[in-house]
Amino acid sequence: IPVWQLAARLDRFRLRRGLQPDANPPASTRRAFKVSFDRPLASLHDFRYLALPFIQWMEIRGIVADYCTGVDLHDDGGMLSKYRLLVSIGHDEYWSREMRDNVSAFIRSGRNVAFFSGNVCWWQVRFERNNRTMICYKDIAKDPFWPIDPALATTNWGQVPGNAPDSMYWENMLTGLSFHNGCGEPPDARCAAHPPYIVQRPDHWIFAGTGLQLNDGFGAGSNRDDSVIANEVDGLAADAQAQGTPPSTLVLATANVAGWGGQGQFASMITYDLNGTVFNAATTNWSRGLTTGTSLTAVDWITWNVLTMLSY
């Protein structure tokens, strides 16, 4: 739910930018700092394009799941206590401190998280008005909380003070990866080809049933609608130790996105263990690679392995 406020269009402003291209100042600088969940949404595109295919795939494959939103995670961390696995799907960009702390505690308690998502935990947000309004200034200089309580300032998590002096609360401390080390697909000719994931650890349990060998590729499609590596991807920090990436992190597969012209060169599929196990597919588009036929693809097998192994 939080990320849907990024581009909701039935009012003058949204979190990404305003809607008046000829305005002065320009629309790109005239965006909202607060958005209400009470306003109507013009589209449920992210849900239908990224979340719904995953839900349909689980139902067809006989996987039973309960559903929650980011606001639920913010409001009640105790709701996770009866579960073994939390799954994030699609474009999961906006996280409050409470969301993050609740999920971190879930992992430390020996439970598991699977991020079939990308651009995860990129912005910190706050909620007010009984969680009906979301706040994200995206600029510490504009957020009134910065001089008062900088740990709650709504900016990139890499700018949020951590628990030690001179440390930041990097998102890869939770997810193992960061959009800071990934990139977004530009809407031009450079994206004519969507690269495959290349296997790095074929003996890992996550590849069981796939038949994949070292350096084999998987997940590539003919366009962004059937490709796993598309839209936005996360990557492994070049200096992982400095950004708090868990030491147990294993790189299972990588995809070369240097042609996208972004800040990162590779998307990285990873796992790590910190009492519980975390899997990260590192892409918003994972669900677009799922199929519902009788023959399972590598993407189907990996998804099945993660959901079944980490649920018990």
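Between Val103 and Val113, the shortest heavy-atom distance links the atoms CG1-CG2, 4.0 Å. Taking both residues in full, the closest heavy atoms of Val257 and Pro195 are given as CG1-CG, 4.1 Å, listed atom of the first, atom of the second, then distance. Pairing each heavy atom of Pro53 with each of Arg48, the nearest pair is CD-O, 3.3 Å. Closest approach of Leu85 and Ser311 over heavy atoms only: CD2-OG, 3.5 Å. What you find for Gly176 and Leu236 is that their closest heavy atoms are O-CD1, 3.6 Å. Closest of all the heavy-atom pairs between Pro161 and Pro150 is CD-O, 3.5 Å.
At least one side-chain heavy atom of Pro196 sits less than 4.5 Å from a side-chain heavy atom of Ile198. By the 4.5 Å heavy-atom criterion applied to side chains, Phe33 and Cys136 are not counted as neighbours. With contacts defined as side-chain heavy-atom distances shorter than 4.5 Å, the pair Val228/Val299 qualifies. Annotation: side chain of Leu250 is in contact with side chain of Arg201 (closest heavy-atom distance under 4.5 Å). When side chains are defined from C-beta on, Phe218 does not count as touching Trp301, because their heavy atoms never get closer than 4.5 Å. Counting heavy atoms from C-beta on, the side chains of Leu52 and Gln56 come closer than 4.5 Å.
Although no hydrogens or angles enter the test, the distance criterion places a donor-acceptor pair under 3.5 Å between the side chain of Ser109 and the main chain of Phe106. When atom types are taken as modelled, the side chain of Asn119 and the backbone of Glu232 share no donor-acceptor pair closer than 3.5 angstrom. In this structure, the side chain of Asn256 engages the main chain of Ala258 through a donor-acceptor pair within 3.5 Å. Between the side chain of Glu185 and the main chain of Trp260, no donor-acceptor pair closer than 3.5 Å is present. Using modelled atom types, one side-chain atom of Ser287 and one backbone atom of Leu50 make a donor-acceptor pair closer than 3.5 Å. At least one donor-acceptor pair under 3.5 Å links the side chain of Asn305 to the backbone N or O of Ala208. Judged purely by atom type and a 3.5 angstrom limit, Glu98 has no side-chain atom pairing as donor or acceptor with the backbone of Val71. Asn285 places a side-chain N or O within 3.5 Å of a backbone atom of Arg224 that can act as its donor or acceptor partner. Looking only at distances, no side-chain donor or acceptor of Asp216 sits under 3.5 Å from a matching main-chain atom of Leu212.
Taking hydrophobic clusters as Ile, Leu, Val, Met, Phe, Trp and Tyr residues chained together by side-chain heavy-atom distances below 4.5 Å, Leu177 shares a cluster with Val251. In this structure, Val160 is a member of the same hydrophobic cluster as Met168, with clusters built from ILVMFWY side-chain heavy atoms closer than 4.5 Å. When the side chains of ILVMFWY residues are joined at heavy-atom separations under 4.5 Å, either directly or via intervening members, Val87 and Met309 end up in a single hydrophobic cluster. Under the 4.5 Å side-chain contact rule for hydrophobic residues, Leu44 and Ile55 share a cluster. Cluster annotation: Trp205 and Leu296 are assigned to the same hydrophobic cluster (Ile/Leu/Val/Met/Phe/Trp/Tyr, side-chain heavy-atom contacts under 4.5 Å, transitive).
Aromatic ring orientation, Tyr197 versus Trp286: tilted (interplanar angle from 30° to 60°). Taking the six-membered ring where the residue is Trp, Trp122 and Phe179 present perpendicular rings, their angle passing 60° and hence far from 30°.
One finds the CG atom of Leu290 at 7.0 Å from the OG1 atom of Thr297 (value rounded to the nearest 0.5 Å). Considering SG of Cys183 and CG of Asn231, their distance stands at 11.0 Å, rounded to 0.5 Å. Interatomic distance, Phe127 CZ to Met134 CE, rounded to the nearest 0.5 Å: 6.0 Å. If you take CG on Asn131 and CG on Asp75, they are separated by 5.0 Å, rounding to the nearest 0.5 Å. The line from NZ of Lys138 to CD1 of Ile135 is 14.0 Å long, rounded to the nearest 0.5 Å. Put simply, CG on Asp76 and CG on Asn102 are 8.0 Å apart, with the number rounded to the nearest 0.5 Å.
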Would you please test Thr133 and Phe37 for side-chain contact (heavy atoms from CB on, under 4.5 Å) and show each step? CA-CA 6 Å; Thr133 296; Phe37 290 154; over 6 Å; no
Phe116 and Phe54: CA distance, side-chain angles, deciding distance, ring-ring contact (aromatic ring centres under 6.0 Å, His included) verdict: CA-CA 9 Å; Phe116 292 104; Phe54 199 102; 5.1 Å; yes
List the steps and the verdict of side-chain contact (heavy atoms from CB on, under 4.5 Å) for Val306 and Trp304. CA-CA 6 Å; Val306 171; Trp304 175 266; over 6 Å; no
What's the verdict on side chain to side chain donor-acceptor pair (under 3.5 Å) for Trp95 and Gln124, showing C-alpha distance, side-chain angles and the deciding distance? CA-CA 5 Å; Trp95 285 57; Gln124 176 167 225; over 6 Å; no
Please lay out, stage by stage, how Met58 and Leu307 fare under the test side-chain contact (heavy atoms from CB on, under 4.5 Å). CA-CA 9 Å; Met58 287 195 297; Leu307 294 181; 4.0 Å; yes
Walk me through it: do Leu73 and Leu86 pass the test side-chain contact (heavy atoms from CB on, under 4.5 Å)? CA-CA 10 Å; Leu73 290 178; Leu86 173 68; 4.3 Å; yes
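Side-chain rings of Trp170 and His180 approach one another, their centers coming within less than 6.0 Å.
Side-chain contact annotation: Glu171 with Thr175, donor-acceptor N/O pair under 3.5 Å absent. For His74 and Ser96, the side-chain atoms include at least one donor-acceptor pair closer than 3.5 Å. Thr254 and Gln200 share a side-chain donor-acceptor pair at under 3.5 Å. Between the side chains of Thr291 and Asp300, a donor-acceptor pair is found at a separation under 3.5 Å. Side-chain contact check for Asp72 and Tyr67: no donor-acceptor pair (N or O, by modelled atom type) lies under 3.5 Å. Checking Asn223 against Ser227 by side-chain atom types alone, no donor-acceptor pair falls below 3.5 Å. Looking at Asp92 and Ser117, their side chains never bring a donor and an acceptor atom within 3.5 Å of each other.
The residue from Thr154, Leu152, Thr155 that alone fulfils the side chain to side chain contact (heavy atoms under 4.5 Å, CB included) condition with Phe145 is Leu152.
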Listing, residues 265-276 side-chain donor-acceptor contacts under 3.5 Å, not counting sequence neighbours, or none:
| from | atom 1 | to | atom 2 | distance (Å) |
| --- | --- | --- | --- | --- |
| Tyr272 | OH | Leu174 | O | 2.5 |
| Asp273 | OD1 | Thr277 | OG1 | 2.4 |
| Asn275 | ND2 | Arg108 | O | 2.7 |

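The environment of Trp146 atom CH2 is dense: over 12 non-hydrogen atoms of other residues, nucleotides or ligands sit within 6.0 angstrom.
Under the salt bridge (Lys or Arg N to Asp or Glu O under 4.0 Å) criterion, the residue pairs touching residues 119-136 are Lys34-Glu128, Asp38-Arg129, Asp38-Arg132, Arg126-Asp143, with sequence neighbours excluded.
Under a cutoff of 6.0 Å and an axis angle of 45°, Arg111 and Tyr83 do not form a cation-pi pair. The side-chain tip of Arg100 points at the ring of Trp157 from less than 6.0 angstrom away and within 45° of straight on.
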